[in-house]
There are 2 protein chains.
Amino acid sequence: MLRVSKLTDYATVVMTVLAEAGTDVLSAQVLAERARLEIPTVSKLLKQLVHAGLVESFRGVNGGYRIGRAPTAISVAEIVVAMEGPIGMTECSVHSGLCDHENHCGVRGNWQRINQAIADALASVTLADMMKPPGPKRPIPTPLRVALV
Amino acid sequence: MLRVSKLTDYATVVMTVLAEAGTDVLSAQVLAERARLEIPTVSKLLKQLVHAGLVESFRGVNGGYRIGRAPTAISVAEIVVAMEGPIGMTECSVHSGLCDHENHCGVRGNWQRINQAIADALASVTLADMMKPPGPKRPIPTPLRVALV
DNA sequence: GCTAAAGTGGACCGAAATGGTACGGTTTTC
DNA sequence: GAAAACCGTACCATTTCGGTCCACTTTAGC
């Protein structure tokens, strides 16, 4: 199944918890409780989110984590990239030279276009959107549309 | 990295070879040569494509494979689904009941919407599109657009 | 019919990724 | 200086992936 890893999934949950906390600093323990995840798991993914600049960390007593930007300014694509690296449906569309068939492969360029479409789709959903209930057919203010071509 | 499996990638290549052959029946060996892949690998993925109804198979001497539909009537999404199963970015968005957090998870519904957007993106690219060179900015006839909402 | 070509189904194996977990080190507050 | 909390790294069990192989069945043609 085409899917993101569990850790990426969890990361979106933790990010929404951080977003709900606004400018408060939450410890890994509190985050784990609110997200209902194990502390080591939460710590692990927070490291990557900090590295990507999506979350700020504070050490020492009363340390913890705080969201780095407004939820409207963080996209799901950024979270996915922070956790999994660049979005590319095929290996060759990200790292060239690894596949023996690159020269005579007719589909490589088209996969790259598909990548872009999917990246755009993920980029157009913000963390703020993820905080809202899905809503049966509630239109999102700006008509977020992804051109495939 | 968010990606499809190699087998799925290869499947798109094999499908384009079959599409180029039109109504000809090609053996696994010929397909392997044209796609520059190993025969066992090609056989394996063809089994799945036959099962999904995207390819027809013929047994016995002079047997082989033939594309099941016009290339314009086969989408990349169908190939991905044939190889990997349903498109779902998170486990819970496809199979409910496996995740302990379903009841109190605020992001599940939103992931399902993202799934749909990505499925639509993959569904709007046909095998015929994959046969064409990417083309820098050549517009595709019908404005294939994917509404995210 | 017999034989050879060709697909079918299933099993198998090594390598890699995934997910959890643990531990020692460092920073900061009180 | 002691405790709280993050940091980096390493480890391990499990699963998945990619690739291969084999015994079986079907069919064309002699």
Side-chain angles (χ1 to χ4, degrees), chain A residues 1-11 13-14 18 24-33 35-52 55-66 68 80 83-85 88-92 95 98-101, chain B residues 1-11 13-14 18 24-33 35-68 80 83-85 89-92 95 98-101:
Chain A
M1 186 179 67
L2 176 62
R3 66 185 192 91
V4 296
S5 72
K6 275 193 186 180
L7 238 24
T8 303
D9 186 5
Y10 295 161
V13 177
V14 171
L18 276 172
D24 289 0
V25 172
L26 304 184
S27 70
Q29 183 176 4
V30 171
L31 281 170
E33 284 166 9
R36 312 220 195 177
L37 298 169
E38 299 303 315
I39 296 179
T41 302
V42 169
S43 299
K44 189 173 190 173
L45 61 89
L46 278 167
K47 271 177 236 171
Q48 294 181 248
L49 295 173
V50 169
H51 233 79
V55 171
E56 288 179 293
S57 65
F58 302 93
R59 303 180 72 158
V61 180
N62 300 328
Y65 300 91
R66 184 174 68 186
V80 171
M83 299 303 297
E84 315 202 351
M89 300 301 279
T90 57
E91 190 64 45
C92 68
H95 308 107
L98 291 180
C99 176
D100 299 337
H101 309 116
Chain B
M1 187 178 66
L2 175 62
R3 66 186 191 92
V4 297
S5 71
K6 274 194 186 181
L7 238 24
T8 302
D9 187 5
Y10 295 161
V13 177
V14 170
L18 276 172
D24 290 359
V25 173
L26 304 184
S27 69
Q29 184 176 3
V30 171
L31 281 170
E33 284 166 10
R36 312 218 195 179
L37 298 169
E38 298 302 314
I39 296 179
T41 303
V42 170
S43 298
K44 188 173 190 174
L45 62 89
L46 278 167
K47 276 177 225 174
Q48 294 180 249
L49 294 173
V50 169
H51 236 79
L54 299 178
V55 171
E56 287 179 293
S57 65
F58 302 92
R59 302 180 73 157
V61 180
N62 299 328
Y65 300 91
R66 185 173 67 187
I67 198 162
V80 171
M83 299 303 297
E84 315 203 352
M89 300 300 279
T90 56
E91 189 65 44
C92 68
H95 308 106
L98 291 180
C99 176
D100 299 337
H101 309 116

* Which whole-number value in Å describes the distance from A:L2 CG to D:dT16 C1'? ->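 My rounded result for the distance is 15 Å.
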
* Starting at atom CG of A:L31, determine the distance to atom P of D:dA4, rounded to an integer number of angstrom. =>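 Rounded to whole Å, this separation is 18 Å.
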
Which atoms form the tightest heavy-atom contact between [X] and [Y], and what is the distance?
{"X": "A:I39", "Y": "A:A32", "result": "CG1-CB, 3.8 Å"}
{"X": "A:T90", "Y": "B:R3", "result": "N-CB, 4.4 Å"}
{"X": "A:V13", "Y": "A:A35", "result": "CG1-CB, 4.0 Å"}
{"X": "A:L7", "Y": "A:L45", "result": "O-CD2, 4.0 Å"}
{"X": "A:D24", "Y": "A:R66", "result": "O-CG, 3.7 Å"}

* To do: For the pair A:E84 (side chain) and A:V4 (backbone), establish whether a donor and an acceptor sit closer than 3.5 Å, ignoring hydrogens and angles.
  =>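 No; judged by distance alone, with no hydrogens or angles, the pair does not exist.
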
* To do: Within residues 48-62 of chain B, find the residues that approach DNA chain C with a heavy atom at under 4.0 Å, and present them sorted by residue number.
  => B:S57, B:F58, B:R59, B:G60, B:V61, B:N62

* Are side-chain heavy atoms of B:H51 and B:K47 found at a separation under 4.5 Å? ->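 A side-chain contact is absent here, since even the closest heavy-atom pair is not under 4.5 Å.
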
* Answer whether the closest heavy-atom distance between the side chains of B:M83 and B:L49 falls below 4.5 Å. =>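 Heavy-atom side-chain distance check passes, below 4.5 Å.
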
* Asked: Hey, where on DNA chain C does chain A first and last touch, going 5' to 3'? Cut-off is any atom under 4.0 Å from a heavy atom.
  -> C:dG19 to C:dT29

* Can A:L18 and A:L46 be said to form a side-chain contact (heavy atoms from CB on, under 4.5 Å), step by step? -> CA-CA 11 Å; A:L18 276 172; A:L46 278 167; 4.2 Å; yes

Return the polar atom pairs (N/O with N/O) between nucleotides 18-22 of chain D and the protein under 3.5 Å, or none.
residue	atom	partner	partner atom	Å
D:dG18	OP1	B:K6	N	2.7
D:dG19	N7	B:K44	NZ	2.8
D:dG19	O6	B:K44	NZ	2.9

* Asked: In terms of heavy-atom contacts, does CD of A:E38 have more than 12 from other residues, nucleotides or ligands at under 6.0 Å?
  -> no

